[in-house]
Colleague: 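To start, I am sharing the structure in question, which I have written as structure tokens.
Convention: sequence-line order gives letters A, B, ...; per-chain numbering from 1.
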2 protein chains.
Amino acid sequence: MSTTQQGPSGPTIVQVAQAAGVSRQTVSNALNAPHRLRPGTLARVMAAIDELGYVPNLMARSLRTRYTRQIGYLLDGGGRDPDSVVQDEFLQALCEAAEAEGYLLLLFNYPAGDVETTRWAGLLRTGSVDGFVLRARPDDPRPDLLSRRRAPFVSFGRPPRAGGASGAEAGSGTEEAGTDAAAGPLWVDVDLSAGAEAAVDHLVAAGHRHIAFLGRSPGSAERDEPRLAGWRRAMRKHGLPADACDWAPSTCQDGARGALRLLSAQPAPTAVVAADDMLAMGCYAAAGRLGLAVGRELAVIGFGDSPIASRVTPTLTSVGRPLAHIGEAVMRLLATTLSGRVPEERGVLLAPSVTVRESG
Amino acid sequence: MSTTQQGPSGPTIVQVAQAAGVSRQTVSNALNAPHRLRPGTLARVMAAIDELGYVPNLMARSLRTRYTRQIGYLLDGGGRDPDSVVQDEFLQALCEAAEAEGYLLLLFNYPAGDVETTRWAGLLRTGSVDGFVLRARPDDPRPDLLSRRRAPFVSFGRPPRAGGASGAEAGSGTEEAGTDAAAGPLWVDVDLSAGAEAAVDHLVAAGHRHIAFLGRSPGSAERDEPRLAGWRRAMRKHGLPADACDWAPSTCQDGARGALRLLSAQPAPTAVVAADDMLAMGCYAAAGRLGLAVGRELAVIGFGDSPIASRVTPTLTSVGRPLAHIGEAVMRLLATTLSGRVPEERGVLLAPSVTVRESG
DNA sequence: CTGTTAGCGCTTTCAT
DNA sequence: ATGAAAGCGCTAACAG
């Protein structure tokens, strides 16, 4: 009588077998390889399963099959980006995608700066997870750590070049056939450059010809380079001069100052693409100070499609993040490797779409 | 190459036993009941464990012990609150607290409106989790569903009274003494009323005597009632009139309008407690329009301590959310019930503290 | 197509 | 204090 406390473990496979008058292996087959059963038997077994409310014990299954259908997600405690909305929505999307593939997400902490900890690498060995997903930030050491331990994983955000080995990998397919780990990590990322281009395309289609870009000031070269490049490329593509860009810290006030600088140029831009929604708010403030009506006299497009975008007046057009698609792509990649196949491509770039609202 | 694909399962307990020259349950004891071993043996076993890099297989352990040390967290897809920062930070805190108690968090989706799904209840039976944590919103049906299935869980946010289907059978209430589940769910919540009181206390200590309250307009009665009550109680406590309160939709512009109404009263308030940080931003805007310097001439305190609080000028004093404490309290409660003990109290109210910045 | 035989890695009796 | 036996619930091999 092990009445410690643990709840009512439902019926086991053998009870179902008895109820259906078959051997327990047949029940197992009914669940895992139904095509091997005669339709009649299958129906009888299924009926018994239904009646008894049988659910297989996943731990027992894992013990036998050596996989858990759980994947680990490394929560990033260090990255106290106010971007946390992203993490939340991404988690949501990833979770959904994982369930669609038959996986569950196991969460754990990556204590800030805790490079040495092998705890999560251990999770693979303890049989808690089959692989990992993480959101890689610039200079994130984790992808490399995972690669080194040969842990299957996919990163959201292109991981930094593995510091370990190669430098020259110009098309010589020689190391392609080597260890699978040497092929580099799997990743999915947002094509911010394409997002900026789409924003410009949208504005040009609306008749704008003087379109400025406002980036985030500290470290803009790194962080906003893709957005900037997309803006430049799109402007060139449309035969427009890409000469009106500026940078400001991502706060409402600083953004306003930056926007004022841009708007005081001659000829003044009629539209601004801001590197994030907060800077876009700064553009609103600047427009207000100049007596320009956002949407009618000055178009503003932000980045990130944050919750505030739909809560300001006028509502803000913003380049979104295809989080659902990202989640799906990540899980598809991971499921593929976990099943032993080789994914067609190591990395996936997903273009965001512009959510058009009143501001432009 | 006999292996399908699954990674290198580390050494097992029996290999450690051989290496240490003991039997395998001695190794087990070394891990689970070290006090039963002679120091010498223990050291030898530990050395072998270290050398071989042994980690116990948790699935096998679970199969035997009947608990998984995993707890499920129901992601709330429906609650598209722009409050999502809360969910993210809470998850972080909960995850940390869970790990401290030796638990891991298993995430899964609660598809919006999917009241019927028994999938997550099944998770308990499949042996995937020992219990659940969820963030309950008003009228959340999930706590009741979990109670009904006798699933151990703790909710962040006081769950609605477990009524049968609806208000119909609300009366009887004699089912209190029956099952243990009837003792009601376990919960942890933020004492927003105490938070508002603390805010007022802080303002009064700073010399303010005319302190207004600005609430969120649709559904304010429900959502902001505790904040309002705390403000009222504190005002009364200090012998001040609690007559200046107003409501506005939680956007910057509407908040500004609401604040303007409040500030046009006679005598004009010198401080405003806003029900969230967004409304506080509205107060900033109103102050700007009136030529009042926030912090010096008008004190503003928000709620939520959101990321913007520290990024605006002047930085915003805000009533925080003790997310770390909440996570710990939740896990303590859950761990207690899971270990078969009865927690001292069914519910825990945690008072938030005021993060003082430049605005007041 | 079905049933029998093993055994995944661990912990819990019960004997020494 | 340590060792031997048993079995958690399931599925991968073969046998029939």
Colleague: Would you indicate, yes or no, if C:dG3 has its OP1 or OP2 atom less than 4.0 angstrom from a side-chain nitrogen or oxygen of A:T26?
Modeller: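 Result: yes.
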Colleague: Between A:A60 and B:L42, which has a closest nucleotide on DNA chain D that is more 5'?
Modeller: B:L42
Colleague: Dot-bracket for DNA chain C: what is it, with Watson-Crick or G-U pairs under 3.5 Å, [ ] where a pair crosses earlier ones, and | for a pair to another strand?
Modeller: |.||||||||||||||
Colleague: Would you say the rings of B:Y73 and B:F132 are close, in the sense that their centroids are separated by under 6.0 Å?
Modeller: no
Colleague: Looking only at side-chain N and O atoms, does A:R38 come under 4.0 Å of OP1 or OP2 in C:dC1?
Modeller: no
Colleague: As an exercise, state the distance from CG of B:L107 to CG of A:L94, rounded to the nearest 0.5 Å.
Modeller: 9.0 Å
Colleague: So, taking the atom named CG in A:L186 and the one named CG in A:L334, what distance separates them when rounded to the nearest 0.5 Å?
Modeller: 8.0 Å
Colleague: How about B:Y67 and B:L338: do any of their side-chain heavy atoms sit closer than 4.5 Å?
Modeller: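 Result no, sub-4.5 Å side-chain heavy-atom pair not found.
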Colleague: Mind calculating the distance between CG (B:L31) and C1' (C:dT12) to the nearest angstrom?
Modeller: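 Taking CG of B:L31 and C1' of C:dT12, I get 16 Å after rounding.
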Colleague: With a non-hydrogen cut-off below 4.0 angstrom, is B:L37 in contact with a base, only sugar-phosphate, or nothing?
Modeller: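 Answer is sugar-phosphate: B:L37 comes under 4.0 Å of backbone atoms only.
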Colleague: Between B:R142 and B:L74, is any pair of side-chain heavy atoms under 4.5 Å apart?
Modeller: yes
Colleague: Just the rounded figure in Å: distance from P of C:dC8 to CD of B:Q15.
Modeller: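 In whole Å, C:dC8 P lies 11 Å from B:Q15 CD.
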Colleague: So, A:S23 versus A:Q25: side-chain donor-acceptor pair below 3.5 Å or not?
Modeller: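 Looking only at side-chain atoms, A:Q25 and A:S23 do not form any donor-acceptor pair under 3.5 Å.
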Colleague: For a quick test of reading the model, state the closest non-hydrogen atom pair linking B:S128 to A:M59 and the distance between them.
Modeller: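 Taking every non-hydrogen atom into account, CA-CE, 4.0 Å.
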Colleague: Rounded to whole angstrom units, what separation is found between the CZ atom of B:R44 and the P atom of D:dT2?
Modeller: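 Rounding to the nearest Å, CZ of B:R44 and P of D:dT2 are 9 Å apart.
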Colleague: What is the distance, to the nearest angstrom, from the CG atom on A:N57 to the P atom on D:dC8?
Modeller: 12 Å
Colleague: Which part of the nucleic acid, if any, lies within reach of B:V14 when heavy atoms closer than 4.0 Å are counted: base, sugar-phosphate only, or nothing?
Modeller: nothing
Colleague: Looking at B:R24, does any N or O in its side chain come under 4.0 Å of the phosphate oxygens OP1/OP2 on C:dT11?
Modeller: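 For B:R24, the contact criterion (side-chain N or O under 4.0 Å from OP1 or OP2 of C:dT11) is not met.
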Colleague: Tell me, do A:L75 and A:Q87 make a side-chain contact under 4.5 Å, heavy atoms counted?
Modeller: yes
Colleague: For A:M59 and D:dC10, what is the distance between atoms CE and P respectively, to the nearest whole Å?
Modeller: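 After rounding, the reported distance stands at 13 Å.
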Colleague: Polar pairs (N or O, both sides) under 3.5 Å between protein and nucleotides 12-16 of chain D?
Modeller:
unit_1: D:dA12; atom_1: O4'; unit_2: A:R64; atom_2: NH2; d: 3.4
unit_1: D:dA12; atom_1: N6; unit_2: A:Q25; atom_2: OE1; d: 3.0

Colleague: Below the 4.0 Å mark, does C:dT2 have OP1 or OP2 next to a side-chain nitrogen or oxygen of A:T41?
Modeller: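 Answer yes for this pair, as a side-chain N or O of A:T41 is under 4.0 Å from OP1 or OP2.
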Colleague: When you match B:N29 and B:L63 each to their closest nucleotide on DNA chain C, which lands nearer the 5' end?
Modeller: B:L63
Colleague: Roughly, in whole Å, what's the span from CD1 in A:I13 to C1' in C:dT2?
Modeller: 14 Å
Colleague: Under 4.5 Å between any side-chain heavy atoms of B:L106 and B:I71, yes or no?
Modeller: no
Colleague: Is the backbone of A:N109 close enough, under 3.5 Å, to the side chain of B:E99 for a donor and an acceptor to pair up by distance?
Modeller: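 Yes: the side chain of B:E99 pairs with the backbone of A:N109.
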Colleague: For A:S23 and for B:T12, locate the closest nucleotide of DNA chain C by heavy-atom distance; then report the residue assigned to the nucleotide nearer the 5' terminus.
Modeller: A:S23
